[in-house]
Amino acid sequence: MLFLIAVAAALFIGRSESGWTISDPDSLVFSFRWPRVLTAAAAGLALASAGVMLQRLLRNPLASPEIVGISAGAGFAVALGTIITSSAITDPPPLSILGSLSALTLLLLMLQRRTQSTLAVVLAGIALAAALDAGMGFAISVGGDEVYTLLGWLSGTTLYADAGSSPTLLLLVLVLFAASTALGRWLDLIALGPEIASGRGLNLRLSQPLLFLLA
């Protein structure tokens, strides 16, 4: 219910010469608003789902894409690409996905070590995120004007959302959300601990990397 109210507010509440008003927007204003609402909703659903999955996988309520370094890996890759090419990256997702997967690979390698506890992985992820954030800040500070185009992207702007990409993004997130829901039993078992999960017949070497990749 609150979600529907928020969507309605985003679509029908706006600012005019006389201040904030509630009105039916014209076709031009509506064409700007609805793609941004869809994009924001998709991003929120994706972050919430990934956060829940990582909390179950690492059995830690602090786990999230930001804390364990996955988001920082995405930002660092795009910042580094901008510095290397000396030009603004017009299509950040490919580089950001590469950076996220690189950070994820480090986490998975740490998980494969039997001597490492999930708490140690979380702490290592926090350290990784801090290091990548520092590297990203350094890249932005030494770069030219092209790096400033990154600031809006890193802050999570919906400025570049359009009628073509927003529905595709929402559809993709819904598919991934459905997949994570279908694998809910895996998450429930993993949250109980590796011994119980293995005792229940769950293959941790297969399920853990797959769930991390989905997150």
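Quick caveat, the model's predicted, so the values are computed rather than measured.
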Is there a path of hydrophobic side-chain contacts, each under 4.5 Å between heavy atoms of I, L, V, M, F, W or Y residues, that connects Trp20 with Ile5?
-> no
From the options Leu169, Val175, Leu171, select the one residue that forms a side chain to side chain contact (heavy atoms under 4.5 Å, CB included) with Val173.
-> Leu169
Search all heavy atoms of Ala129 against all heavy atoms of Gly69 and return the closest pair with its distance.
-> CB-CA, 3.6 Å
Would you give the length of the straight line joining atom CG of Leu45 to atom CG of Leu170, rounded to the nearest 0.5 angstrom?
-> 8.0 Å
Locate the shortest heavy-atom distance separating Leu206 from Pro209; write the atom from each residue and the value.
-> O-CD, 3.5 Å
Distance-minimising heavy-atom pair for Gly99 and Ala77 = CA-CB, 3.7 Å
Between the CE atom in Met53 and the CG atom in Leu213, the distance rounded to the nearest 0.5 Å is 9.5 Å
Distance, nearest 0.5 Å, that separates OG1 of Thr105 from CD1 of Ile70 = 10.0 Å
Quick one: CG on Leu57 to CG on Leu187, what's the gap to the nearest 0.5 Å?
-> 5.5 Å
Looking only at heavy atoms, what is the nearest atom pair of Gly73 and Ala103, with distance?
-> CA-CB, 4.4 Å
Heavy-atom side-chain proximity of Leu132 to Leu128 below 4.5 angstrom = yes
Answer yes or no: is there a donor N or O on one side and an acceptor on the other, between the side chain of Ser165 and the main chain of Ala161, under 3.5 Å?
-> no
With a 4.5 Å heavy-atom cut-off, do Phe212 and Leu58 have their side chains touching?
-> yes
Does Ser207 reach the side chain of Ile190, with side-chain heavy atoms less than 4.5 Å apart?
-> yes
Closest heavy-atom pair and its distance - Ala215, Ala50 = O-CB, 3.4 Å
dist Glu66:CD -> Ile126:CD1 (nearest 0.5 Å) comes out at 12.0 Å
Is it possible for you to say whether Val68 and Leu47 belong to one hydrophobic cluster, with membership spreading through side-chain heavy-atom contacts below 4.5 Å?
-> no
Can you check whether Pro35's main-chain N or O pairs, donor with acceptor, with Ser166's side chain at less than 3.5 Å?
-> yes
Report yes if some heavy atom in the side chain of Arg59 is under 4.5 Å from a heavy atom in the side chain of Leu192; otherwise report no.
-> no
Heavy-atom side-chain proximity of Asp133 to Met136 below 4.5 angstrom | yes
Rounded distance [0.5 Å steps], CG in Leu210 versus CG in Leu204 = 12.5 Å
Minimal non-hydrogen separation, Arg200 against Arg185, with atom names = O-NH2, 4.2 Å
State yes or no: do Phe177 and Val37 share one hydrophobic cluster built from I, L, V, M, F, W and Y residues joined by side-chain heavy-atom distances below 4.5 Å, directly or via other members?
-> yes
Is there a path from Val52 to Leu104 through hydrophobic residues (I, L, V, M, F, W, Y) whose side chains come within less than 4.5 Å of each other?
-> no
